[in-house]
Amino acid sequence: EGFLYFSLKSNQWEWNIPLIESKNTATNAVDLMLCKMKQFPEDVQSALKLFSCLGTDCEECILSLITSGDGIDEFGCTDMMSSLEFSIEEGLLDYSDSIYKFVHDQIQIAAYSLIPETDKKKYHLWIGNQVWANESALSEKAIFVTVGQLNKGKMLITEEHQIIELIRLNLHAGKKSISLGAFVPASFYLKEGMSLVGSKSWEEQYDLHLRLYESYAEAKYCTGEFEEINKVVNLILANAKCLDDKLGAYFTLVTSLNAQSKTQESTKVGLDILSSLGEPMPVHLDMKATGIIELKKTKHILKGKTDDEILTLKALGNNHKIAAMHLMYGLSLGCFFVRRDIYVWLISKMVQISISDGICKESAFAFATFSALMATVDVILDVNSASRIGKLSLRLLQILQAEEYTAGIYCAVFFFTQTRVDHFCKSLEPMNHAYNVGLRFGEIHYAIAAARNICILSFQSGENLMTVLEKIKYYGVKVKEHKQEIFWRLIIPYEKAIHHLTGQPNELDKVFWDGAEEEQLLKYAQKLNLVLGRVIYYLRAWIAYMFNDYKLASRMVEEERQLKNPLYSAPNFLKTIYEFVAGLISFELLHATDDAKWKEIAEASMKEMETCAAHAPSNYKHKLLLLQAESAFLSGEDNDAARLYDSAIKIAEDNGFIQDQALAYERAGIFHLKQGNTCMASRYYGQAHNAYLKWGAEKKASHLRLQCPF
């Protein structure tokens, strides 16, 4: 414009400040871009206005749909693709991998602002209709573009059939978003559909109302918006014509109540509906005894079936039984924590229906969870059969194409069953897969359960404690995002234990779990969650033992034994590791007392370890050897004790259990010190100190150094 120029006379750049100031030059990126665009040819401006309606980028194939029909000239665009090429040369757009893109979002904002506010809806509606006109050739991405554009122009839609079509498109986009794990966009699309159908009565568009509201409730469950779920579910139940049409709402209600720790309420709702579906739970005064009978009955049924007979079972054709299987699946996780008797009945019933009436997708879950029961519940304990049924469930998962149930099936098989036969760390990758698939399919509760299992397995496998703590923090954020704290409570005692071992802030000088908060959690566990209760007792006992507080350790062992339940089915490794800790505590106490109670616990501990080491030596052989070393130490069999300590140390190292290797070093040091061999004892103490540091247990290493007599 001549305000800045090179003077040949003075041989330098010169400018006119008053003229420049009078120009009112833009002071922000949007206005600057506007000024530049307004200097472009009209057809280029028109192309940029249309392109800006699509956001910051768009695939070339979608642009071709927009430009393929008639009407684009009404928007002043004669050759859109040539205009976009011009914009690329001017530095406003970029093109790569068949995608046109504004080089900065501020440029898109500037281009969009060229459109008068009164015309924007018209632009969006035309673009949406242009893309939708090629419906048969649309990709999933193009459908989302169509819905987004039509939603922005919906106020201009007046034809009844077009409104109904847009409602269907929003429903499709919402359900597709749920399947992709995009729950916030799903809620948006479904709510748009609900706003459009809202002007019509349920009688006019019953099917659309039902499907929209069901999907919206599901999306809101995945984002943890429970109050909104209750409103939507109540609307469905008030307007649905029959029980079959209410089942989806009831299922979402049951799972959302579980996530809110309202398990008793969810169980009541679920059992009432099961009864309506023809699957009433038997009412007995002694439900534990009933559960044991059902477990033994189901195990007997399975024993009489070959693998091929199970894999080729007929498909379940009764719709009410299919609905009952789905509801039992939804009820099972909450009952696992607080009503083990009902949980056992549910899983047994699911397997029995699958065998007698036919299989459906939930059958794969039923077989997986029953394998977990056979791997953990004493009255039907059968490790080999459990492994067999667990593997069959994985094959059924493929045969039935039940990928949406992967998270629950993997949690059962790889956390409960396979840890009886394989190294703990082999279950980490399947748990990671379960977490990702669970999120993708909206199975948030099992995704969070898988995340919890990852943290527990990492801890038990001997991973560095700080690494485990980072995992707990990472997944803890995800738990809060999805508001699934009920399934995360099991991690709280592990986090506390790690803090105590590592000497994290606020744990340096505290007695392990002496606060009111921890006692309140324990009271909750004793009443409502036996799995959590056992975890708390196990970790309190173990930490107390590690820090030589044998009085607290013995009290934890005694109190834990009051939680005995014949239907208890925590992961077998948790039960076994607890017995291992109880055995160590018992042997230590027996150095000072002849109490038969501690002899009995010590012997039971060794027997349990022998059984588990026979099936999974990589997990338990070194633990058995350490208990045997403690037994030999107590009995005065010094040569055997020294040999067994060394064997425990070696095998623990071979299998990566650094925490048990460190403990075995420490116990060997104590043994040799008692024998008067200070040189050997000093060496073992030093090795223990180094191993605890390698594990990340700095506070324990410091404690050992301070307690060391050298």
Side-chain angles (χ1 to χ4, degrees), residues 179 181 222 255 258 310-311 325-326 328-334 336-337 343 346-347 350-351 354 359-376 383 385-461 471 474-475 478-479 482 484 487-488 490-491 531 569-574 616 619:
S179 73
C222 294
T255 52
N258 278 335
I310 291 174
L311 293 172
M325 288 284 283
H326 189 55
M328 285 188 273
Y329 163 79
L331 276 171
S332 62
L333 187 58
F336 173 84
F337 290 108
Y343 172 78
L346 289 169
I347 300 306
M350 290 179 76
V351 174
S354 298
I359 55 175
C360 57
K361 289 186 176 184
E362 289 81 2
S363 298
F365 172 82
F367 284 104
T369 45
F370 196 81
S371 81
L373 289 170
M374 284 198 292
T376 55
V383 175
S385 294
S387 182
R388 171 200 165 218
I389 298 300
K391 290 175 181 176
L392 280 174
S393 74
L394 296 177
R395 293 176 66 183
L396 283 173
L397 171 64
Q398 301 299 321
I399 292 170
L400 297 170
Q401 298 181 348
E403 190 181 4
E404 63 267 38
Y405 294 96
T406 297
I409 292 168
Y410 271 42
C411 281
V413 173
F414 290 103
F415 191 61
F416 288 86
T417 306
Q418 287 307 108
T419 49
R420 291 259 0 204
V421 294
D422 286 329
H423 196 293
F424 298 150
C425 66
K426 288 188 177 181
S427 290
L428 284 169
E429 184 53 39
M431 284 298 98
N432 187 59
H433 180 65
Y435 172 74
N436 290 322
V437 175
L439 286 183
R440 180 154 59 89
F441 282 96
E443 293 293 289
I444 306 300
H445 40 288
Y446 278 113
I448 298 305
R452 177 200 65 200
N453 296 346
I454 289 169
C455 297
I456 293 173
L457 288 168
S458 297
F459 179 84
Q460 300 292 358
S461 297
K471 289 183 179 181
Y474 172 79
Y475 289 116
K478 303 299 180 184
V479 169
H482 295 288
Q484 297 281 336
F487 304 116
W488 193 246
L490 208 63
I491 287 298
V531 179
S569 61
N572 181 267
F573 67 79
L574 174 57
N619 291 331

Taking C-beta and beyond as the side chain, do [X] and [Y] meet within less than 4.5 Å on heavy atoms?
X	Y	answer
V351	F367	yes
L457	F424	yes
Q418	V421	yes
F416	N453	no
L346	M325	no
M350	F370	no
T369	Y343	yes
F365	S393	no

So, taking the atom named [atom1] in [X] and the one named [atom2] in [Y], what distance separates them when rounded to the nearest 0.5 Å?
X	Y	atom1	atom2	value
I389	M374	CD1	CE	4.5 Å
I454	I491	CD1	CD1	10.0 Å
M431	C411	CE	SG	4.5 Å
I359	I399	CD1	CD1	7.0 Å
L333	I448	CG	CD1	11.5 Å
I409	L394	CD1	CG	7.5 Å

*Could you walk me through whether N619 and H423 pass the side-chain contact (heavy atoms from CB on, under 4.5 Å) check?*
CA-CA 6 Å; N619 291 331; H423 196 293; 3.8 Å; yes

Minimum heavy-atom separation for [X] to [Y], with atom names?
X	Y	answer
S332	I347	CB-CD1, 4.0 Å
L439	H482	CD2-NE2, 3.8 Å
C455	W488	SG-CH2, 3.9 Å
G390	V413	O-CG2, 3.8 Å
C360	L400	O-CD1, 3.1 Å
A434	A407	O-CB, 3.4 Å

*Test side-chain contact (heavy atoms from CB on, under 4.5 Å) applied to F414 and E429, step by step*: CA-CA 10 Å; F414 290 103; E429 184 53 39; over 6 Å; no

*asked:* Can you confirm whether the side chains of S371 and T417 place a donor and an acceptor under 3.5 Å from each other?
replied: yes

*Between the side chain of D422 and the main-chain N/O of S427, is any donor-acceptor distance below 3.5 Å?*
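A pair under 3.5 Å: no.
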
*asked:* Assess the residue pair Y475 and R452 against the criterion (side-chain contact (heavy atoms from CB on, under 4.5 Å)); give the C-alpha distance rounded to whole Å, side-chain angles, the decisive distance to 0.1 Å, and a yes or no.
replied: CA-CA 8 Å; Y475 289 116; R452 177 200 65 200; over 6 Å; no

_Can you list everything that forms a salt bridge (charged side-chain N to carboxylate O under 4.0 Å, His left out) with K426? Sequence neighbours excluded, please._
none

*Could you pull out all residues at least two apart from S458 that satisfy side-chain hydrogen bond (donor to acceptor under 3.5 Å, both in side chains)?*
E463, K471

*Under the side-chain hydrogen bond (donor to acceptor under 3.5 Å, both in side chains) rule, what pairs show up with a residue in residues 403-414, not counting sequence neighbours?*
H326-Y405, K361-E404, E362-Y405, E403-R440

